[in-house]
Number of protein chains: 2
Amino acid sequence: MKIGELAKKLNCTVETIRYYEKIGLIPPSVRDQNNNYRHYNQNHIERLSFVRHCRALAMSHEEILELLTAREQDGASCEKIDLVIDNHLKHVSDRISELQQLEKQLHTLRKQCKTPGANQECGIIQELDSPIDSNIQGLKNSNHVSGSH
Amino acid sequence: MKIGELAKKLNCTVETIRYYEKIGLIPPSVRDQNNNYRHYNQNHIERLSFVRHCRALAMSHEEILELLTAREQDGASCEKIDLVIDNHLKHVSDRISELQQLEKQLHTLRKQCKTPGANQECGIIQELDSPIDSNIQGLKNSNHVSGSH
DNA sequence: TAAACACCCTGAAGTGGCTTTAGGGTCAAG
DNA sequence: CTTGACCCTAAAGCCACTTCAGGGTGTTTA
Ligand SMILES: [Zn+2]
Ligand SMILES: [Zn+2]
Ligand SMILES: [Zn+2]
Ligand SMILES: [Zn+2]
């Protein structure tokens with residue numbers, strides 16, 4: 001299978017696949033000796049599918065590598081696998097909590113504009129001009145699940 | 001006021017302040033002629049405070065610039081300001097919805113591991129090995145509010 | 001047979017919002 | 001007169017890609 005076909009099958013771009021190969025998230029593809037085109041066998045397809053499945057669940061590359069490593073430990077129990085998922089689930093729910101806090105604060109801010117009028121009197125601007133309320137903490141960027149943009 | 005003092009006051013790093021100056025999010029600081037140290041007056045402090053306030057609410061630099069521009073349009077009404085907040089509020093609530101979807105899917109996935117045992121039989125791995133369920137869409141990276149990590 | 005068009009390749013740079021690193025200069029206290 | 005806290009710059013690194021520039025290949029159709 002050529003790269004374009006694989007990309008369609010897995011609903012990603014060819015650039016993404018080449019990028020994964022470059023950083024070693026998937027093994028190197030086999031090249032056509034005539035034209036240097038990449039070719040993929042069932043093994044490649046399954047591995048990439050696994051990776052895309054994990055990415056669709058917003059796991060980081062690091063987490064994915066942990067899963068792939070743990071999976072290949074023959075005979076070991078699946079504790080590590082379960083732990084990766086548990087931790088990642090916490091990443092997601094932590095971020096949800098943060099964003100919900102943010103949502104509240106933005107609602108409050110929005111209500112400061114009682115009746116739209118001149119810029120300078122807008123309650124939103126007045127609020128933003130004032131020092132930051134200690135309730136607002138912003139997003140922690142230690143969490144790999146990203147914010148809202 | 002020197003940069004370190006300002007950073008403490010606004011609860012950010014000196015590097016962040018220098019970075020904002022570099023990209024033009026805040027105007028250039030005044031320099032001490034002897035040692036080239038940055039110095040800040042009340043104007044600078046207010047502007048940076050406004051920016052940090054917006055960042056704590058997870059607004060993008062672009063959104064902040066829109067607010068700053070709209071604020072300086074003397075006599076204009078505050079419609080633009082309100083719109084920026086409304087749009088950003090939607091960014092945040094859209095991301096919350098996405099992450100809640102994700103959270104559900106991760107819960108479902110986690111339950112696939114009924115009783116921890118050998119890797120290969122772990123329901124989590126089996127699920128991740130199978131094709132992506134069409135219910136899973138992953139995060140849209142068109143939204144500037146980031147994910148969970 | 002030649003032009004058009006879809007596909008493939010590479011390497012480098014750009015995205016956002018910073019943080020980190022490397023390599024220095026300045027200043028007050030002990 | 002040295003220690004340590006502070007300041008400076010330019011460049012690279014972070015993540016997970018995307019975009020760009022420049023070119024090769026392969027099939028179809030006029
Ligand atoms: Zn995670
Ligand atoms: Zn208003
Ligand atoms: Zn926004
Ligand atoms: Zn398990």
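First the proteins, then the strands, lettered A, B, ... as listed; each starts at 1. This is a predicted model, so every value here is computed, not measured.
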Nearest-0.5 Å distance that lies between atom CD in B/Glu63 and atom OG in B/Ser60: 3.5 Å
field: Rounded distance in Å - CD1 (A/Ile26) to C1' (D/dC17)
entry: 14 Å
field: Whichever of B/Asn35 and A/Glu15 has its nearest DNA chain D nucleotide further upstream toward 5'
entry: B/Asn35
message: Side chain of A/Arg52 only, heavy atoms from C-beta on: which candidate in D/dC7, D/dC17, C/dG17 is closest?
response: D/dC17
B/Ser60 side-chain proximity, nearest of C/dG17, D/dC8, C/dC7: C/dG17
- prompt: Of A/Glu5 and B/Thr16, whose nearest nucleotide on DNA chain C comes first from the 5' end?
  reply: A/Glu5
field: Parallel, tilted or perpendicular: rings of A/His61 and A/Tyr20 (30°, 60°)
entry: perpendicular
task: Using whole Å, report how far NZ of B/Lys22 lies from C1' of C/dT19.
output: 12 Å
field: OP1 or OP2 of D/dC17 under 4.0 Å from side-chain N/O of A/Thr13
entry: no
task: Using a 4.0 Å heavy-atom cut-off across all strands, classify B/Ile3 as base, sugar-phosphate, or nothing.
output: sugar-phosphate
field: salt bridge (charged side-chain N to carboxylate O under 4.0 Å, His left out) contacts in which one or both residues fall within residues 125-149 of chain A, not counting sequence neighbours
entry: A/Asp129-B/Arg71
field: Partner residues of A/Arg38 under the side-chain hydrogen bond (donor to acceptor under 3.5 Å, both in side chains) criterion, sequence neighbours left out
entry: A/Glu21
message: Taking only side-chain N and O atoms of B/Tyr20, does any of them lie within less than 4.0 angstrom of OP1 or OP2 on C/dG17?
response: no
- line: Closest to the 5' end of DNA chain D, once A/Asp32 and B/Asn36 are matched to their nearest nucleotides, is B/Asn36
task: Take the protein atom OH of B/Tyr19 and the nucleotide atom P of C/dG16, then report the distance between them rounded to whole Å.
output: 8 Å
Partner of A/Leu67 by side-chain contact (heavy atoms from CB on, under 4.5 Å), out of A/His88, A/Met59, A/Glu72, A/Glu62: A/Met59
task: Give the rounded distance in Å between these two atoms: CZ of B/Arg31 and C1' of C/dT26.
output: 14 Å
field: Salt-bridge contact A/Arg95-A/Glu98 (side-chain N to carboxylate O under 4.0 Å)
entry: yes
message: Whole angstroms only, please: what is the CD-C1' distance between B/Glu21 and D/dT9?
response: 12 Å
field: Of residues 37-46 of chain B, the positions that come close to DNA chain D - non-hydrogen atoms, cut-off under 4.0 Å
entry: B/Tyr37, B/Arg38
message: Quick check against the 3.5 Å criterion: does B/His44 have a side-chain atom that pairs as donor or acceptor with the backbone of B/Pro28?
response: yes
statement: Taken to the nearest whole Å, NE2/B/His91 to C1'/C/dG16 is 15 Å
query: Do the side-chain N or O atoms of B/His61 get closer than 4.0 angstrom to the phosphate oxygens (OP1, OP2) of C/dG16?
result: no
- prompt: Roughly how many Å is it from CG in B/Asn34 to C1' in D/dC7, rounded to a whole number?
  reply: 13 Å
message: If I take atom CZ in residue A/Arg18 and atom C1' in nucleotide D/dC17, what distance separates them, rounded to the nearest angstrom?
response: 13 Å
